Amino acid sequence: MDIKHFYLKRNEDESGISGTGIVARGVILPSGHCVLEWLTFTSSIAIYKNINDLTEIHGHNGKTRLIMG
């Protein structure tokens with residue numbers, strides 16, 4: 001299984017912190033774990049158990065989309 005790359009594209013910024021457009025990029029590891037890097041002014045990196053957990057937290061009810069690529 002290969003490493004898969006993805007982006008988070010935010011259409012609406014509820015918090016006023018991350019902005020809109022491509023706000024983060026990440027990878028899905030062969031184990032299913034996801035590593036997410038925020039592209040915001042104050043950047044951070046987070047690890048999630050799986051892509052479902054990541055989108056549940058950061059999807060903002062469809063206002064942020066996961067783009068595979």
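Note that the structure is predicted; figures quoted are calculated from it, not measured.
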Contacts of Arg65 meeting salt bridge (Lys or Arg N to Asp or Glu O under 4.0 Å) (sequence neighbours excluded), chain-then-number -> none

Between CD1 on residue Ile22 and CZ on residue Arg10, distance to nearest 0.5 Å: 11.0 Å

Just jot down the side-chain contact (heavy atoms from CB on, under 4.5 Å) partners of Thr42, sequence neighbours excluded, or say none. none

Check the pair Val23 / Leu39 against side chain to side chain contact (heavy atoms under 4.5 Å, CB included), numbers first and verdict last. CA-CA 5 Å; Val23 294; Leu39 303 174; 5.9 Å; no

Which residues satisfy the side chain to side chain donor-acceptor pair (under 3.5 Å) test with Ser43, sequence neighbours excluded? none

Return the CD to CD1 distance between Glu56 and Ile51, rounded to the nearest 0.5 Å. 12.5 Å

Do Tyr7 and Leu36 belong together in a cluster built from hydrophobic side chains that touch within less than 4.5 Å? no

Looking at every heavy atom in both Cys34 and Ile28, which two are closest together, and how far apart are they? SG-CG1, 3.8 Å

Should side-chain heavy atoms under 4.5 Å link Ile, Leu, Val, Met, Phe, Trp and Tyr, which residues sit in the same cluster as Ile45? Ile3, Val27, Leu29, Val35, Ile47

Sequence neighbours excluded, every pair satisfying salt bridge (Lys or Arg N to Asp or Glu O under 4.0 Å) that has a member inside residues 28-41: Arg25-Glu37

What pairs of residues pass the salt bridge (Lys or Arg N to Asp or Glu O under 4.0 Å) test when at least one of them lies in residues 26-35, not counting sequence neighbours? none

State, with a plain yes or no, whether a side-chain heavy atom of His58 is found less than 4.5 Å away from one of Trp38. yes

In chain order, what residues pass the side chain to side chain donor-acceptor pair (under 3.5 Å) check against His33, with sequence neighbours excluded? Ser31

Who pairs with Thr55 by side chain to side chain donor-acceptor pair (under 3.5 Å), at least two apart in sequence or on another chain? none

For Lys4 versus Met68, what's the shortest heavy-atom pair and its separation? CB-CE, 3.8 Å

Which pairs count as salt bridge (Lys or Arg N to Asp or Glu O under 4.0 Å) when at least one residue sits in residues 42-52, sequence neighbours excluded? none

Side-chain heavy atoms nearer than 4.5 Å, only ILVMFWY residues, links allowed to pass through others: does that put Leu54 and Ile57 together? yes

What residues, two or more places apart in sequence or in another chain, satisfy ring-ring contact (aromatic ring centres under 6.0 Å, His included) together with Phe6? none

